[in-house]
Every structure is written in structure tokens, then in C-alpha cells.
Amino acid sequence: MRAWSFSTDSYPRAERSDAWREAMSRLGLPVEGLSELEPASTSVVCLTSPLGIEFALVNAGAQTISGRLTNQPAAVWMAVLLDGQAAVVSDDLAEDLTIGDIAFGPTGQAAALRLSTRCRLMFVRAPRVALNHRLVAPRALRVGRLRGEGGVKHILSGLLRSTADSLEDLTVDQLRPVELALAEFLGLCLLEAGEERGAAWPTDARSAHLQRLRQTIETLLPDPNLTIRRVADEEGVSPRYVQKLFEGVEETFSHYLRTRRLERCRNDLASPQFARLSISEICFRWGFNGSAHFSRAFRDQYGCSPRDFRRSVRDEERVAA
């Protein structure tokens, strides 16, 4: 798990603005509206998990975090307001945030967070590959706000706030459950908030049914003989109906199943908890029928072999230690 921190306190006042812009650019967060004469003390604590999800605790004065960096990989960002006053602004949105609210959006859309006072925020940036399996219509995602007042949104807000409070002391194993819960709760929150009504399906009922189907698939991943008919029977619908639900979000059952199995394997390969399991044991654990097929699929998905990925994670953990 890669970790780094930054504070302007160690810089001469004349250099603080440039140093802060550079640090925020490292997070993919362009900054404007800083006071050049006497910028406020600012700091970042950042952890990047084995799955590539970036958690950053930011303390900063009044400024605007805006724009988009074109060299950033496709991802979804979230920012939960912990202290202070801020607003989220995009082409079709301008809303004030209250403590516990979550601003979110895809990295491909322009947006701004306007901090009107000194603020403390928790930023999360998750690669699309880590979240798309939980978003009903990933391509329809747009900039928005989740109120942290009640229900599932309150749970997600609490999860992010608690993570922020403990971020400097977290270990790899402690952060891993946060990664898994994050995708689940975000998908539910977006569905509940109606943020995906631009998807091919016009009704929330079918979107909700697709979400339930995905949860059913998740419980059946270890079965190497899992078929679309088995999932359809579990849900009391026809295989054709399952196909149509996936087609409505430009996906197929078989591609989704393979992707989720690969993501589960990748998580286990990165986990010290399963360090004693061989690569073959891990791939069989999640429903693959052969290690050679698994290795080819893994390389196609992630650009490296399972062995090289596991080695790189261990090397990073040794460096961090």
C-alpha cells in the first residue's frame, strides 16, 4: 500500500502556493483561487490501496478545486465534507454541501469544489474497474451530491468519515474491507438517489432488479459451473430477461462474470491473508477451471501476469514498511 503525506508548514510562505498546487496535482485535483501573499497552512495524508483506490485526507483554506486532468485514468471520485463550508458545481449542478455530504462524479467531467472557509475533506478516487460492477449504468454517471442524513447514504458517509479519522494509522488489511464495502454502498446510493436515470432502462424497478442479480452472482462466483440459467432460476426469471438487463447497460452476463472473478482473484493475490495460497488455488477458489486460462484472462484485464502482480504488491509493502 503506497502512502505519502504533505504539509506546507515546512515551506517558506512565498513557496507554499506552488508547493500546494503540485501536491494537489498529484491527487488529480487542480487548484485555483489561492492567496499568493499568505496562503493558509494546508496538508494531505494519502494512502493508495492494492486495488488502486486512493484515499486522501485534505486540510485546506478557502480555494477552488476545479477542472480535470486529461492524463488521469478513468475513475470515479468522491469527496465527503468533514468540516467547513463548501459547494459542488458543474455544468448542471450548483449545491452547497453540509457536514457529511458527499460530492461525486466521473473523472471525465468538469466539476468544481468551492471551499468558502477552511475545510477538512476526505477524497476518494477509485478506478472504474473497481466500481463498474456495482454501478447499474457506469456511462451515465454524472457529477452529483449525496446527502449524508439517513439511510444507506448515511452509512456510506459514516464509513468515509471513520476512514478519514483513522487514515494515518490504517494497515493494508484494515483498509481492504473498506474497499469492498465502498463499491457496494456507492452503487446502492446512486441507485437510490436516481442518479442513473439516463441509463437505457427508464424505470428504477429494472435497475434495482439488475442490482439484485449482481448480488446473487456475487454469492455464486465460486461455482465453476455457474450459468446464466442458474442465476435466472435463483431470481425466478428467464435467462433472456437476465440478458436484457445486462444489455440495457451495455454489458453481457459472461463478461460481467469473468470480470468479477478476476477482481476477486486480484484482491486475494494482493492480500497477506492469502499469501500461503498458490495462484492456482486462488483461481480455482473463484470459479476458474484452469490456471492457464486464468493467467491469460488476468493479463488481458490488468496488463501483467498474476505472478508479477503478486510480486509487485509484496515489493510495495516491503518499501512501505
Kindly determine whether Leu221 and Leu257 satisfy side-chain contact (heavy atoms from CB on, under 4.5 Å), including the steps that lead there. CA-CA 8 Å; Leu221 283 178; Leu257 178 61; 3.6 Å; yes
For Val89 and Arg114, run side-chain contact (heavy atoms from CB on, under 4.5 Å): C-alpha distance rounded to whole Å, both residues' side-chain angles, the deciding distance at 0.1 Å, then the answer. CA-CA 8 Å; Val89 180; Arg114 294 177 179 168; 3.9 Å; yes
From CA spacing to verdict: side-chain contact (heavy atoms from CB on, under 4.5 Å), Leu182, Ile53: CA-CA 10 Å; Leu182 188 66; Ile53 299 179; 4.2 Å; yes
Going through the distances and angles, do Asp233 and Arg230 end up as a salt bridge (Lys or Arg N to Asp or Glu O under 4.0 Å)? CA-CA 5 Å; Asp233 289 345; Arg230 167 78 186 282; over 6 Å; no
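Relative to the six-membered ring of Phe274, Arg285 meets both conditions, a distance below 6.0 Å and an angle of at most 45° to the axis.
Using modelled atom types, one side-chain atom of Glu281 and one backbone atom of Ser278 make a donor-acceptor pair closer than 3.5 Å. Distance alone, capped at 3.5 Å, is enough to place a donor-acceptor pair between the Ser7 side chain and the Asp9 backbone. For the pair Arg229 (side chain) and Pro239 (backbone), a donor-acceptor distance under 3.5 Å is absent. A donor-acceptor distance shorter than 3.5 angstrom exists from the side chain of Ser157 to the backbone of Gly100, with no hydrogens or angles considered. Of the possible donor and acceptor atoms, none in the side chain of Ser166 sits under 3.5 Å from a partner among the backbone N and O of Asp169. For the pair Ser291 (side chain) and Ser280 (backbone), a donor-acceptor distance under 3.5 Å is absent. When atom types are taken as modelled, the side chain of Trp77 and the backbone of Arg125 share no donor-acceptor pair closer than 3.5 angstrom. Listed for the Arg266 side chain is no donor-acceptor partner under 3.5 Å among the backbone atoms of Phe298. Between the side chain of Thr107 and the main chain of Ala75, a donor-acceptor pair closer than 3.5 Å is present.
Linking Ile, Leu, Val, Met, Phe, Trp and Tyr whenever their side-chain heavy atoms come within less than 4.5 Å puts Val45 and Leu159 in one cluster. Residue Phe284 is not grouped with residue Leu262 when hydrophobic side chains (ILVMFWY) are merged at heavy-atom distances under 4.5 angstrom, including chains of intermediate members.
Under the ring pair (Phe, Tyr, Trp, His ring centres under 6.0 Å) criterion, Phe55 pairs with no residue at all, not counting sequence neighbours.
Residues Thr8 and Thr42 bring a donor and an acceptor atom of their side chains to less than 3.5 Å of each other. Remark: the Gln109 side chain and the Ser90 side chain contain no N/O donor-acceptor pair separated by less than 3.5 Å.
The residues Glu234 and Arg212 are annotated as not salt-bridged, no charged nitrogen and carboxylate oxygen being separated by less than 4.0 angstrom. The pair Arg311-Asp308 meets the salt-bridge criterion, since a charged nitrogen lies less than 4.0 angstrom from a carboxylate oxygen. One finds no salt bridge joining Glu247 and Lys244 here, because no Lys/Arg side-chain nitrogen approaches an Asp/Glu carboxylate oxygen to under 4.0 Å.
For residues 86-112, every residue pair satisfying the salt bridge (Lys or Arg N to Asp or Glu O under 4.0 Å) rule, not counting sequence neighbours, is listed here: Glu95-Arg145, Asp101-Arg145.
By the 30° and 60° cut-offs, the orientation of the rings of Phe309 relative to Tyr302 is parallel.
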